[in-house]
Amino acid sequence: MNKILVLFAHPAIHKSRVNAKLLASIDQLVNVKVHQLYEEYPDFHIHVKREQELLLEHDLIIWQHPLYWYSSPSLLKEWIDLVLEHNFAYGHKGNALKGKTALSILTTGGQKQAYLKKNSQESIMKDLLIPFQRTTELCQMFYLPPFVIHGTHMLDNTGIEKATNQYQQLILSLREGQFSHEEVCRYDYLNKMINH
Ligand SMILES: Cc1cc2nc3c(=O)[nH]c(=O)nc-3n(C[C@H](O)[C@H](O)[C@H](O)COP(=O)(O)O)c2cc1C
């Protein structure tokens, strides 16, 4: 069974319609730890050693956040800048994260169609996430395709419930290791791992 760490970054969780529901659905799962960065570090003073220890204790690292200006909320960037230290995560003596798996779970206000390349059905989402992908590659981790819930503003309660069920199913499959990197890396969205 994989141990999963969900590094969750949402600066206004009290206003959240979608992410709050997603987190509630995995709240009680064994071997799944949700770490709410804005709750832990409202002043942005990240406890680097503690965060590194958490990383070492887990096999699969998830960065979960709403898409903000085509990227992550700022605390997650700060977390990456500080926690993925030279000679810990990368560099001559830095291979602490080697062989672990990472992925991004995102919610976007924009609909899926807003994330297509011009005159194409191809998504730009993987392109947007290149900084995250290259970061994990430097740390010798596997970076899976993203799991994305698009069009959050238009989702009604039924839509949110459906997305939440898919998310929970995804987390369970990842925890049980019911996927192969080679297979899922062919997908543009990890949503396809459970929607077949
Ligand atoms: C500062 C800010 C920036 C945002 N930038 C984007 C964006 O670049 N693209 C997009 O599709 N939605 C954007 N949104 C919408 C959020 O992604 C959306 O509100 C969120 O995913 C909803 O999730 P929640 O219900 O858990 O808060 C932005 C929202 C805020 C507040």
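For this chain, numbers begin at 1 and follow the sequence in order. Start at 1 and go down the list; that is how both ligands and their atoms are numbered.
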Test your reading of the structure: does [X] have an N or O sitting under 3.5 Å from an N or O of ligand 1?
X    : result
Y115 : yes
P66  : no
G109 : yes

Query - Matching residue for L37 among E51, E78, H10 - test: side-chain contact (heavy atoms from CB on, under 4.5 Å) - result: E51

For [atom], what's the nearest protein heavy-atom neighbour? Residue, atom name and distance, please.
atom                    : answer
atom 24 (P) of ligand 1 : S16 OG, 3.5 Å
atom 8 (O) of ligand 1  : Y70 N, 2.9 Å
atom 16 (C) of ligand 1 : L67 O, 3.7 Å
atom 5 (N) of ligand 1  : W69 N, 2.8 Å
atom 30 (C) of ligand 1 : Y68 CE1, 3.5 Å
atom 23 (O) of ligand 1 : T107 OG1, 3.4 Å

Query raised in the report: Do the rings of Y143 and W63 sit parallel, tilted or perpendicular, given the 30° and 60° boundaries?
Result: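 Answer is tilted, since the angle falls between 30° and 60°.
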
Query raised in the report: Parallel under 30°, tilted from 30 to 60°, perpendicular over 60°: which one fits the rings of H181 and F179?
Result: perpendicular

Query - Location of contacts on H10 toward ligand 1, heavy atoms closer than 4.0 Å - result: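 Under 4.0 Å from ligand 1, H10 contributes side-chain atoms alone.
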
**Report entry** ligand 1-proximal atoms of H153, by part, heavy-atom distance under 4.0 Å
**Finding:**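 Just the side chain.
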
Closer than 4.0 Å to some heavy atom of [X] - which atoms of ligand 1 meet that?
X    : result
N19  : 23 (O), 24 (P), 26 (O)
T152 : 18 (C), 20 (C), 21 (O), 22 (C)
R17  : 24 (P), 25 (O)

Query raised in the report: Do the non-hydrogen side-chain atoms of K98 and M141 ever get within less than 4.5 Å of each other?
Result: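 SC-SC contact between K98 and M141 ruled out.
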
Query - Sub-4.5 Å side-chain heavy-atom contact between K112 and Y189 - result: yes

Answer with yes or no after comparing the ring centroid distance for [X] and [Y] against a 6.0 Å cut-off, counting only values under it.
X    : Y    : answer
H150 : Y115 : yes
H45  : Y41  : no
H86  : F88  : no

Query raised in the report: Just by distance, with hydrogens left out, do Q64 and N19 show a side-chain donor and acceptor under 3.5 Å apart?
Result: yes

Report task. Please determine if E40 and R50 form a salt bridge, counting it only when a charged side-chain N lies under 4.0 Å from a carboxylate O. Result -> yes

Requested in this report: Would you check whether K15 reaches within less than 4.0 Å of ligand 1, judged by its heavy atoms?
Outcome: no

